[in-house]
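Data block below; observations after.
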Amino acid sequence: MRRNLKSACKLMALPTLALVVAAAWVPGKLDLVARAYALVLAAVVLAVALAALRRAYPPATPLESAASRRPGARSASPPTLLRLEQACALGVARSFDLHYRVRPRLRELAAPLLALRRGISLDRDSDAARRVLGETTWDLVRPDRPAPDDRLAAGIPATALRDVVASLERL
């Protein structure tokens, strides 16, 4: 704090000298000069207070690195994976997003996996697909799944979504 006060006194030396000179040489404009001096004094006090606050509260650590904030910087995850993660987060939050964002992606993954690895068609062999995928996954990817009545209702729990991903990985 003493360091800031010394700096403030040094900063105020020139405006104080200007105030004294103006009071001696231009007595008619003393009111205007005094107001300007008060403005400079307020700015210096504000700067001292901000410096004290800056020392009292250290800067917060950023959530992401400076390199990832730069335009054109490469992120650790590919953009398609980031979009899929965002869709899954929305699918956990709302049934509408689960049905219209996550479900089509899961069907895109499940259909070729079932066809190539098990010889099962997702749309035609519903009983075989249900046995292989499990009830939770089948409920999401079945072709006749109805749209949600309440668009704002909660989506799928995160643990259930993990189970769905695990069942697809087992294919």
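Quantities reported herein were computed from a predicted structural model and do not represent experimental measurements.
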Item checked: Electrostatic pair Arg35-Asp31, nearest N-O below 4.0 angstrom -> yes
Notebook entry, point to check: What is the minimum heavy-atom distance between Ser95 and Arg151, and which atoms define it?
Noted result: OG-O, 3.8 Å
Item checked: Closest approach of Ala110 to Val141 (non-hydrogen atoms, all atoms of both residues) ->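 What the structure gives for the nearest pair is CB-CG1, 4.4 Å.
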Take atom [atom1] in [X]; do more than 12 heavy atoms of anything else shown fall under 6.0 Å from it?
X      : atom1 : answer
Asp150 : CG    : yes
Glu85  : CD    : yes
Arg145 : CZ    : yes

Shared hydrophobic cluster, [X] / [Y] (ILVMFWY, side-chain heavy atoms < 4.5 Å):
X      : Y      : result
Leu90  : Leu84  : no
Phe96  : Leu161 : no
Tyr100 : Val92  : no

Next item on the list: Mark yes or no for whether Arg103, through its side chain, and Leu140, through its backbone, hold a donor-acceptor pair below 3.5 Å.
Entry: yes
Next item on the list: Mark yes or no for whether Ser126, through its side chain, and Arg142, through its backbone, hold a donor-acceptor pair below 3.5 Å.
Entry: no
Notebook entry, point to check: Quick one: which of Leu113, Val164, Leu122 gives a side chain to side chain contact (heavy atoms under 4.5 Å, CB included) with Leu133?
Noted result: Leu122
Margin query: To the nearest 0.5 Å, what is the distance between CD1 on Ile156 and CG on Asp97?
Written below: 13.5 Å
Do [X] and [Y] come within less than 4.5 Å of each other through their side chains, counting heavy atoms only?
X      : Y      : result
Ser167 : Thr136 : no
Tyr37  : Met12  : yes
Pro143 : Arg107 : yes

Notebook entry, point to check: Among all residues two or more places apart in sequence or in another chain, which pass the salt bridge (Lys or Arg N to Asp or Glu O under 4.0 Å) test with Glu135?
Noted result: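 Expected list: Arg130.
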Next item on the list: Taking side chain to side chain contact (heavy atoms under 4.5 Å, CB included) as the test, write out the residues that go with Val132, two or more places apart.
Entry: Leu114, Arg118, Ile120, Leu171
Notebook entry, point to check: What's in the same ILVMFWY side-chain cluster as Leu46, cut-off under 4.5 Å, chained through other members?
Noted result: Leu50
